[in-house]
Amino acid sequence: MKLATWNVNSVRAREARLLRWLEAARPDVVCLQELKVTTEAFPFEVLRAAGYFAAVHGQRTYNGVAILSRVEPQDVERGFGDEGDDTQARLVSAQVGGLRVASAYVPNGAEVGSEKWSYKLEWLRRLRAWLDRRFAQTDPLALCGDFNVAPEARDVCDPAAWEGSVLTHPDARQALQDVRAWGLVDAFRLHHEEPGFFSWWDYRMLAFPKNKGLRIDHIDLSPSLAGRCSAAAIDRNERKGKQPSDHVPVVVELDV
DNA sequence: ATGGTTGCTTAGCAA
């Protein structure tokens, strides 16, 4: 199974590129983030024609997440289902082909110390609580998405320049580590040790041509799936050409 | 040098 995650930064603005990429990469399952569209206005028909079902948790203007799958997703769950804030569409999960897949759009956090920053850290705590509540470590689970955290210095183009940012702050890294301590493994790092692999480049300041990026999009696997992950890659080419997203797809191959 | 760019929505916010 080929499983991917991609923050498309508006599914409507990216529709042509998404369809072209699906045709070229032929993934079985794709987690999308930042749809920026309501569930009602999601392009179900065009994706169905391309061979994909969709489990969608949409929202107007901001956020919005989905799971595309060649087999029909079952048991779709939207949000955490906890007592916390439920106004931002940032999590959808579903059963696809024998495993549980989650598409997550972790809050960016805006600025360290801001209300949005607190919301980001709290959201990551809720994510860990959701894992504790909903799954056993033996379950085949893939948590995919824009985590808005570069886990280590090797995931940052210029660690000194990015020190203390919302994407690299020790508190954000610790919050992600607390999520992963449930029993998740960063699939990309199973296959690549070296620095210089990025999944996001700012639209501004010629960040992509200068390769000033960060690796903030991740596919995290439960132990049983980690042992079945035969390859991982970042599709850097998708940042090239006209009207790219600021993020590119991350792809893994699972022997399931 | 709190700059620069993109998307949604329509002037300002979010990233």
Side-chain angles (χ1 to χ4, degrees), chain A residues 5-21 31-43 46-47 56-66 85-92 103-124 127 144-151 155-169 171-173 175-176 198-218 234-250:
Chain A
T5 187
W6 189 11
N7 178 326
V8 288
N9 186 16
S10 168
V11 73
R12 288 179 293 186
R14 220 63 61 205
E15 187 175 299
R17 282 193 77 124
L18 175 59
L19 291 170
R20 208 181 323 140
W21 184 78
C31 294
L32 300 177
Q33 300 85 36
E34 277 208 87
L35 304 177
K36 296 186 172 181
V37 73
T38 59
T39 301
E40 295 69 34
F42 185 85
V46 67
L47 286 163
V56 180
H57 188 21
Q59 184 177 336
R60 180 180 180 269
T61 312
Y62 306 119
N63 310 316
V65 286
D85 170 62
D86 196 30
T87 60
Q88 302 189 24
R90 294 182 176 275
L91 181 70
V92 63
S103 179
Y105 177 42
V106 177
N108 171 282
E111 196 176 330
V112 173
S114 66
E115 272 186 37
K116 286 176 182 166
W117 171 248
S118 305
Y119 187 81
K120 176 182 195 169
L121 299 180
E122 178 60 18
W123 201 91
L124 285 164
L127 181 58
C144 314
D146 176 0
F147 291 7
N148 267 315
V149 180
D155 301 311
V156 183
C157 56
D158 181 350
W162 281 90
E163 194 175 349
S165 83
V166 292
L167 305 178
T168 63
H169 193 281
D171 292 354
R173 285 177 169 167
L176 175 57
F198 309 129
S199 66
W200 168 83
W201 300 258
D202 200 305
Y203 280 126
R204 299 165 289 188
M205 302 294 287
L206 300 172
F208 182 66
K210 294 176 179 171
N211 199 28
K212 298 186 91 57
L214 280 76
R215 195 176 68 91
I216 57 176
D217 300 88
H218 306 290
I234 297 177
D235 193 352
R236 192 177 186 281
N237 282 333
E238 198 47 45
R239 189 64 168 79
K240 300 175 182 173
K242 283 186 162 55
Q243 297 178 306
S245 170
D246 44 352
H247 299 249
V248 295
V250 179

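In what follows, chains are A, B, ... by sequence order, proteins preceding strands, each numbered from 1.
Taking every side-chain heavy atom of A:Tyr62 into account, B:dC13 is the closest of B:dC8, B:dC13, B:dT5. Checking B:dG7, B:dT9, B:dT5 against the side-chain heavy atoms of A:Ala13 singles out B:dG7 as nearest. Looking at the side chain of A:Met205, the nearest of the listed nucleotides B:dT9, B:dG4, B:dA15 is B:dG4.
When rounded to the nearest whole Å, the span between CG of A:Asn148 and P of B:dA14 equals 14 Å. In this structure, the CG atom of A:Asn7 is 11 Å from the P atom of B:dA15, given to the nearest Å. A straight line from CG of A:Asn108 to P of B:dA14 spans 11 Å, rounded to a whole angstrom. As a whole-Å value, the separation of A:Trp200 CH2 from B:dA15 C1' is 8 Å. Rounded to whole Å, the distance from CZ on A:Arg60 to P on B:dC13 is 15 Å. Rounded to an integer number of Å, the gap from NZ of A:Lys120 to C1' of B:dA14 is 14 Å. The distance between atom CG of A:Leu206 and atom P of B:dG3, rounded to the nearest whole Å, is 18 Å. Look at NE2 on A:His247: it is 8 Å from C1' on B:dA15, rounded to the nearest Å.
What you find for A:Gly241 and A:Pro244 is that their closest heavy atoms are O-CD, 3.5 Å. Annotation for A:Arg17 and A:Trp6: closest pair O-CH2, 4.3 Å, computed over non-hydrogen atoms.
Looking at which nucleotide of DNA chain B each of A:Gln243 and A:Glu111 is closest to, the 5′-most match is held by A:Glu111. Both A:Asp146 and A:Arg14 lie close to DNA chain B; mapped to their nearest nucleotides by heavy-atom distance, the more 5′-ward contact belongs to A:Arg14.
Across all strands, A:Tyr105 comes closer than 4.0 Å only to sugar-phosphate atoms, never to a base (heavy-atom distances).
For B:dT2, neither phosphate oxygen OP1 nor OP2 lies less than 4.0 angstrom from any side-chain nitrogen or oxygen of A:Arg204.
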